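A short write-up of the structure that comes next.
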Amino acid sequence: MSERRILILGGTGEAISLATALIGSRAGRVITSLAGRTKNPELPPGEVRLGGFGGSDGLIRYVQAEGIDLLINATHPFAAEMSRNALSAHQATRVPLLRLLRLPWEHQPGDRWILVENASEAARECRQRSGAILLTLGVKDLACFRDVDASRLIVRVIEMPNPELLPGSTYVVARGPFSLEAELELMRQHQIGHLVAKQSGGEATRAKIDAARILQIPVIMIERPPIAREPGCPVFAEVKSLLDWISRNGLSSTASKLAKKTK
Ligand code: NAP
């Protein structure tokens with residue numbers, strides 16, 4: 001029997017843990033796909049492909065050409081377009097689709113969250129408030145903050161973007177995970193008055209949320225985009241529960257079981 005082919009849509013720490021575990025359990029040939037946005041991404045074990053597929057049609061062609069048996073969407077909770085494309089590819093090819101989606105952070109006593117729907121709304125909130133702002137967003141969201149006084153912006157990024165994007169702001173180039181002590185230090189050093197964050201969830205970046213609570217700093221929290229869901233495409237909050245599901249159902253029978261459920 002030929003080896004099963006598993007395509008992980010990655011770009012998260014969980015996708016790396018998942019690839020490691022699937023390879024360790026000899027589940028099949030594991031290919032992780034990365035968007036290719038950062039120059040030195042942390043690479044998972046197994047095969048890696050870089051760059052977009054060319055929309056949902058491109059992903060469908062890839063899945064068919066590579067004979068993919070199982071598609072796992074382990075992208076970030078804010079990767080809405082890729083998630084929609086994964087669903088379209090599942091619908092077109094009937095290749096089973098699993099979603100690995102970490103839980104959002106829970107609001108705790110002492111948290112001062114201002115919930116907004118997107119980066120533009122977050123920027124509007126920033127304009128209405130005073131003091132220094134720590135932005136912890138992806139580069140593609142930064143343009144929304146052009147109308148905020150740049151001298152107030154401390155922008156933390158993984159890689160230095162074109163400084164002309166937000167001229168006059170202070171860039172902090174650093175890759176997480178960050179400790180609570182480091183986050184407290186950063187916020188104190190820059191006398192941060194507001195933190196802007198995405199509701200990413202997970203442990204790797206939660207220290208900033210804890211630090212903001214301790215320092216009583218309001219968080220302008222960008223809520224998650226709606227999840228592209230379909231009955232028969234299970235969603236797992238943790239790598240372990242997804243792996244348990246595969247081992248309970250058997251990868252070879254995953255396709256037929258999911259196909260029955262989605263009929
Ligand atoms: P997105 O808006 O959902 O996707 C935009 C386009 O980027 C997709 O249509 C696809 O291009 C390409 N793409 C995205 N993820 C891909 C992947 N894993 N493999 C190949 N192509 C991919 O995604 P995004 O929010 O820009 O995120 C890009 C990547 O960064 C994802 O892998 C995500 O897991 C990771 N990431 C995102 C965030 C965030 O806050 N958004 C945070 C941390 C990590 P085509 O249409 O050409 O296929």
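We count ligands from 1, going down the list as the structure has it; atoms in each ligand are counted the same way. Only a predicted model underlies this, so the values are computations on that prediction, with no experimental measurement involved.
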>> Under 4.0 Å from a heavy atom of G52: which atoms of ligand 1 are those, numbered in the order shown and with their elements?
In response: 11 (O), 21 (N), 45 (P), 47 (O), 48 (O)

> Between H190 (side chain) and I192 (backbone), is there a donor-acceptor pair under 3.5 Å?
Replying inline: no

> Any chance CD of Q108 has more than 12 other-residue heavy atoms, nucleotides or ligands included, within less than 6.0 Å?
Replying inline: yes

> Does R4 use its side chain to pair, donor to acceptor, with the backbone of V30 at less than 3.5 Å?
Replying inline: no

> In ligand 1, which numbered atoms sit nearer than 4.0 Å to a non-hydrogen atom of N85?
Replying inline: 9 (O), 46 (O)

>> Can you check atom 30 (O) of ligand 1: any protein non-hydrogen atom closer than 4.0 Å?
In response: no

> For L59, is the nearest heavy atom under 4.0 Å from an atom of ligand 1?
Replying inline: no

>> Among all the protein's non-hydrogen atoms, which is closest to atom 12 (C) of ligand 1, and how far away is it?
In response: R37 NH2, 3.9 Å

> atom 25 (O) of ligand 1: which of R49, K140, H76 has the nearest heavy atom?
Replying inline: K140

>> Using a 6.0 Å cut-off, check whether atom CD of E159 has over 12 heavy atoms from anything other than its own residue.
In response: yes

>> Suppose we measure from atom 18 (N) of ligand 1 to each protein heavy atom; which comes out shortest, and what is that distance?
In response: S33 O, 3.0 Å

> Taking it one step at a time, do I72 and F236 satisfy side-chain contact (heavy atoms from CB on, under 4.5 Å)?
Replying inline: CA-CA 10 Å; I72 305 179; F236 303 89; over 6 Å; no

> What residue and atom, counting heavy atoms only, is the protein's closest point to atom 23 (O) of ligand 1, and at what distance?
Replying inline: A79 CB, 3.6 Å

> Hey, which of I220, L135, V219 is the one that makes side-chain contact (heavy atoms from CB on, under 4.5 Å) with L195?
Replying inline: V219

>> Below a 4.0 angstrom heavy-atom separation, can you tell me which part of L137, side chain or backbone, both or neither, approaches ligand 1?
In response: neither

> To the nearest 0.1 Å, how far is atom 47 (O) of ligand 1 from its closest protein heavy atom, and which atom is that?
Replying inline: G54 N, 2.9 Å

>> For ligand 1 and A74, I'd like to know whether there is a polar contact (N/O to N/O, distance under 3.5 Å).
In response: no

> Looking only at distance, does G55 have an N or O less than 3.5 Å from an N or O of ligand 1?
Replying inline: yes

> Counting heavy atoms not belonging to Q216, are there more than 12 under 6.0 Å from its CD?
Replying inline: no

> Are A80 and ligand 1 in contact, using a heavy-atom cut-off of under 4.0 Å?
Replying inline: yes

>> Any side-chain to backbone donor/acceptor pair from R152 onto C126? Under 3.5 Å, distance only.
In response: yes

> With a 4.0 Å cut-off on heavy atoms, is S200 touching ligand 1?
Replying inline: no

> How far is atom 32 (O) of ligand 1 from its nearest protein heavy atom, and which residue and atom is that?
Replying inline: G10 O, 2.8 Å

>> L22 vs I8, test: side-chain contact (heavy atoms from CB on, under 4.5 Å). Steps then yes/no.
In response: CA-CA 10 Å; L22 286 169; I8 299 175; 4.0 Å; yes

>> Out of all atoms in ligand 1, which are within 4.0 Å of some heavy atom of G11? Include the element for each.
In response: 32 (O), 34 (O), 35 (C), 36 (N), 44 (C)

> In chain order, what residues pass the ring-ring contact (aromatic ring centres under 6.0 Å, His included) check against W113, with sequence neighbours excluded?
Replying inline: H107

> Between E81 and ligand 1, is there a nitrogen or oxygen pair with a distance under 3.5 Å?
Replying inline: yes

> Can we say D69 and R5 salt-bridge, meaning some charged N sits less than 4.0 Å from an Asp/Glu carboxylate O?
Replying inline: no

> Looking only at protein heavy atoms, which one is nearest to atom 48 (O) of ligand 1, and how far off is it?
Replying inline: F53 N, 2.7 Å

> In terms of heavy-atom contacts, does CD of E66 have more than 12 from other residues, nucleotides or ligands at under 6.0 Å?
Replying inline: yes

> If you count the atoms of ligand 1 from 1 in the order shown, which ones are under 4.0 Å from a heavy atom of K198?
Replying inline: 39 (C), 40 (O), 41 (N)

> Starting from atom 10 (C) of ligand 1, which protein heavy atom do you reach first, and at what distance in Å?
Replying inline: M82 SD, 3.7 Å

> Just wondering, more than 12 heavy atoms not from Q128 lying within 6.0 Å of its CD?
Replying inline: yes

> R84 near ligand 1, heavy-atom distance under 4.0 Å?
Replying inline: no

